[in-house]
Structure formats: structure tokens, C-alpha cells
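Residue numbers count from 1 along this sequence.
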Amino acid sequence: PQPLPRLTPNPIADLDRLDRELALTRARGYAVDNEENTEGIRCLAVALPRADPPVDAVSLSVPVVRLSEERERQMVAELADVEPLFLIC
């Protein structure tokens, strides 16, 4: 729908920006919710390749005050390592 709903002051609120963000998500291999749902919380997520296209994901949420670029890279790496565990189930 237009306009896209705003839950915080930080949403992706137009379709062109959403399309760009989705392309970036595909390119980097993980999604980011940058305080779009809850102020002060950043969420990182990776798709689980159990179906094509993927329909499952795993994510984590972190207070932004505790998150550095290095810590974010570590968390994304940990999320990527979770994928094989889900494939076994």
C-alpha cells in the first residue's frame, strides 16, 4: 500500500528505496532492519536455503548501543554458520 506504514522515524517508506534495499540485501547475503521496527534495535537476518526461493530465515536483534561494525560482521558470520544446522533437521 501507499504510503508504506511507519512504525518508527527510520522506515523505508517509499517503493524505490525498498527496491534498492532488497537488491542490496541480495548482494550482501543478509538483511538489516535498522531501527525500522523498534527504535534502538537493529536486526540482522539470513535466509535458510531449504526451498527455492527461500521461505525461512534466522535472525537476531541487538541494541544499537552495543553494536559495532566488527560485532555486526561477527554476528552475520554466526548467522551464516547456523544454516547447515537447519538443513539437517
**Q** CG/Asn37 to OG/Ser61 distance, rounded to the nearest 0.5 angstrom?
**A**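 If we round to the nearest 0.5 Å, Asn37:CG and Ser61:OG are 8.5 Å apart.
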**Q** Are the side chain of Glu35 and the backbone N or O of Asn10 linked by a donor-acceptor pair below 3.5 Å?
**A**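 Not at all, since once roles are kept as given, no pair shorter than 3.5 Å links the two residues.
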**Q** Could you point out which residue of Arg26, Arg20, Glu21 forms a side-chain contact (heavy atoms from CB on, under 4.5 Å) with Leu24?
**A** Glu21
**Q** Does atom CZ of Arg66 have more than 12 heavy-atom neighbours, drawn from other residues, nucleotides or ligands, at distances under 6.0 Å?
**A** no
**Q** Look at the side-chain heavy atoms of Ile, Leu, Val, Met, Phe, Trp and Tyr, link any pair under 4.5 Å apart, and say whether Val32 and Leu48 land in one connected group.
**A**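 Val32 and Leu48: one cluster.
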**Q** What about Ile41 and Leu44, same hydrophobic cluster or not, with Ile/Leu/Val/Met/Phe/Trp/Tyr joined at side-chain heavy-atom distances under 4.5 Å?
**A** no
**Q** Measuring from Asp14:CG to Leu18:CG, what's the distance to the nearest 0.5 Å?
**A** 8.5 Å
**Q** Would you kindly confirm whether Leu60 and Val76 end up in one hydrophobic cluster when ILVMFWY residues are joined by side chain heavy atoms under 4.5 Å apart?
**A** yes
**Q** Would you name the heavy atoms of Val46 and Leu79 that are closest together and state the gap between them?
**A**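 Closest heavy-atom pair between Val46 and Leu79: CG2-O, 3.7 Å.
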**Q** Charged N to carboxylate O under 4.0 angstrom, Glu36 versus Arg6?
**A**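 Result for this pair is no, no salt bridge flagged.
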**Q** First locate atom CE of Met75, then atom OH of Tyr30, and finally report the distance between them rounded to the nearest 0.5 Å.
**A**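 Answer for the CE-OH pair, Met75 versus Tyr30, is 12.0 Å.
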**Q** So, for Ser68 and Arg71, which heavy atoms are closest and what is the spacing to 0.1 Å?
**A**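 Between these two residues, the closest heavy atoms are OG-N, 3.1 Å.
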**Q** Distance check, rounded to the nearest 0.5 Å: Leu7 atom CG versus Thr38 atom OG1?
**A** 8.0 Å
**Q** Got a sec: does the CD of Glu69 have more than 12 other heavy atoms crowding it under 6.0 Å?
**A** no
